[in-house]
Amino acid sequence: MDLYSHIIKLKSAVDVKESLFSGQSFLWDNYENRNDYYMTVIKRIPIIIRQLTDNKVEVISDSITVDSILISDFINNYFSVNVDINKIYAENFMELYPDIYSMLNGYYSLRILRQEPFETMISFMCAQGIGMHIIRKQVSMLKKFYGEKFSITFNGDEIILYSFPTPQQLANADLSQLSLCTNNNKLRAANIILAAKSVVEGKLDLNILGASEIPLAQLRNTLCQIRGIGFKIADCIALFGLGRFDAFPIDTHVKQYLGTWFKSTTALRSLTPANYLILDAEARTFLNPDFAGYAGHILFHCWRKEIKKLHSF
DNA sequence: TCCCAGGCCATGT
DNA sequence: ACATGGCATGGG
């Protein structure tokens with residue numbers, strides 16, 4: 001079992017309330033409580049981390065080694081601290097869009113996490129045309145129904161957690177019971193079972209897919225072979241689960257800011273597969289193509305918070 | 001009541 | 001190629 005499989009993110013190490021679902025990005029608190037501590041759970045071991053002023057990650061726990069991997073090395077990779085936030089836009093971005101550039105100032109501490117591919121794939125298959133709270137509910141029910149229950153002790157309290165189910169566990173799931181976890185959507189549940197089976201049978205190897213330097217379009221087309229995965233979800237899996245920061249998922253919010261902020265006329269039309277690819281190409285003219293998705297995600301959160309007045313991640 | 005929420009797919013033109 | 005409706009439910 002690989003190192004990622006038992007990661008659970010918690011919003012705050014001091015006041016543990018709400019775990020993030022896979023696919024959510026992590027925005028360091030860049031406003032006031034810069035010294036807040038956070039906790040992540042790896043292999044059922046609680047790891048306490050803290051943000052440093054340069055958005056690097058400090059691992060508070062003493063050097064822990066799991067499966068011959070130093071946790072601090074793992075954490076720094078997990079939080080993609082090597083990504084230079086100053087190089088994610090095209091070189092002339094600041095001159096072309098000075099207002100947007102300054103508005104993005106509060107969002108540079110956002111880190112895209114290198115999350116476990118299978119967990120990311122299934123989680124995003126639950127994220128279609130439905131509100132964030134329902135997406136979160138679906139993922140948490142999947143874990144509760146099909147994952148393994150375990151507990152850790154933190155600050156003297158016992159915290160009950162559930163690991164994300166393995167491909168085998170979901171492949172063997174009963175359709176009607178799994179539907180309870182997918183907002184009663186039987187089609188979605190069936191698609192998840194099919195996807196899990198293709199992983200179990202070896203027809204889909206996400207680790208090989210992520211490790212190889214295949215072109216983004218080819219990677220996207222491979223993922224789109226799976227029922228229930230289109231361009232947007234495929235790009236999300238690539239961006240959040242396969243470390244492909246060049247993948248640029250276009251959802252309803254991205255479409256909106258492309259039209260409003262960047263005056264794309266294509267963004268005013270319906271998001272057909274053809275228009276998706278046009279928007280994708282357009283975005284790469286004012287973003288660094290190699291980090292288009294990373295930049296896009298910062299724009300995404302800025303749009304949601306500043307314009308749409310939403311506050312969930 | 002109506003519309004939208006981090007879409008995808010089958011069907012009809 | 002494009003438009004439309006179904007899937008599903010909760011919140012503004």
Side-chain angles (χ1 to χ4, degrees), chain A residues 9 18 20-27 107 110-113 115 119-142 175-195 198 220-241 244-245 247-261 265-280 283 292-313:
Chain A
K9 284 84 61 179
E18 178 188 14
L20 305 176
F21 73 87
S22 190
Q24 286 190 278
S25 52
F26 189 90
L27 181 63
Y107 295 85
L110 188 153
R111 311 306 310 180
I112 287 183
L113 308 178
Q115 299 174 102
E119 179 175 345
T120 304
M121 178 176 75
I122 301 298
S123 296
F124 273 106
M125 289 177 75
C126 296
Q128 301 167 348
I130 217 79
M132 279 286 292
H133 57 289
I134 296 183
I135 299 169
R136 189 180 287 114
K137 179 183 167 191
Q138 290 176 77
V139 176
S140 105
M141 285 183 75
L142 278 175
L175 177 61
S176 60
Q177 195 197 0
L178 186 61
S179 301
L180 300 176
C181 306
T182 57
N183 202 32
N184 294 321
N185 189 323
K186 285 200 166 23
L187 182 59
R188 179 172 302 165
N191 288 340
I192 286 175
I193 292 175
L194 281 176
S198 66
R220 179 161 56 196
N221 289 336
T222 302
L223 290 171
C224 284
Q225 304 291 316
I226 300 164
R227 295 183 64 80
I229 296 181
F231 283 168
K232 191 269 175 180
I233 302 299
D235 277 334
C236 282
I237 297 166
L239 177 63
F240 298 106
R244 291 294 295 254
F245 298 147
F248 184 78
I250 302 167
D251 60 27
T252 168
H253 293 289
V254 174
K255 180 172 176 288
Q256 288 169 30
Y257 77 61
L258 288 175
T260 304
W261 284 347
T265 55
T266 313
L268 304 177
R269 303 158 66 81
S270 66
L271 193 54
T272 62
N275 283 338
Y276 188 101
L277 297 178
I278 293 171
L279 287 171
D280 182 68
Y294 210 107
H297 201 59
I298 290 177
L299 287 159
F300 168 86
H301 276 295
C302 186
W303 172 262
R304 281 173 61 93
K305 187 158 185 176
E306 303 293 332
I307 309 299
K308 307 292 282 187
K309 307 298 180 190
L310 300 169
H311 48 76
S312 61
F313 294 96

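Quick note on labels: first sequence line is chain A, next is B, and so on, each numbered from 1.
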Of A/His301, A/Lys308, A/Arg304, which is the lone residue that meets side-chain hydrogen bond (donor to acceptor under 3.5 Å, both in side chains) with A/His253?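 Looking at A/His301, A/Lys308, A/Arg304, the match for A/His253 under the side-chain hydrogen bond (donor to acceptor under 3.5 Å, both in side chains) is A/Arg304.
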Students often get this wrong, so: under 4.0 angstrom with heavy atoms, is [X] touching a base, only sugar-phosphate, or nothing?
X        : value
A/Thr182 : nothing
A/Ile229 : sugar-phosphate
A/Arg227 : sugar-phosphate
A/Gln256 : sugar-phosphate
A/Ile130 : base

Using the P atoms only, state how far B/dC8 lies from C/dG10, rounded to an integer number of Å.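 Those two atoms are separated by 23 Å.
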Does any nucleotide pair with C/dT4 by Watson-Crick or G-U wobble geometry, both distances under 3.5 Å, and what is it?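 Across any shown strand, C/dT4 pairs with B/dA10.
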Gap between atoms [atom1] and [atom2], on [X] and [N] respectively (whole Å):
X        : N      : atom1 : atom2 : answer
A/Leu271 : B/dA5  : CG    : P     : 12 Å
A/Ile135 : B/dG7  : CD1   : P     : 7 Å
A/Lys308 : C/dG11 : NZ    : P     : 18 Å

Are OP1 or OP2 of [N] and a side-chain N or O of [X] less than 4.0 angstrom apart?
X        : N     : value
A/Asn184 : C/dT9 : yes
A/Ser270 : C/dA3 : yes
A/Arg188 : B/dC8 : no

Report the distance from atom CZ of A/Phe231 to atom CG of A/Asn275, rounding to the nearest 0.5 Å. 11.5 Å
Select one nucleotide: of C/dG10, B/dG7, B/dG6, the one nearest the side-chain heavy atoms of A/Gln128.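 Shortest atom-to-atom distance from the side chain points to B/dG7.
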Counting heavy atoms from C-beta on, name the nucleotide in C/dT9, B/dA5, C/dC7 closest to the side chain of A/Asn183.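 Nearest to the side chain of A/Asn183 among the choices is C/dT9.
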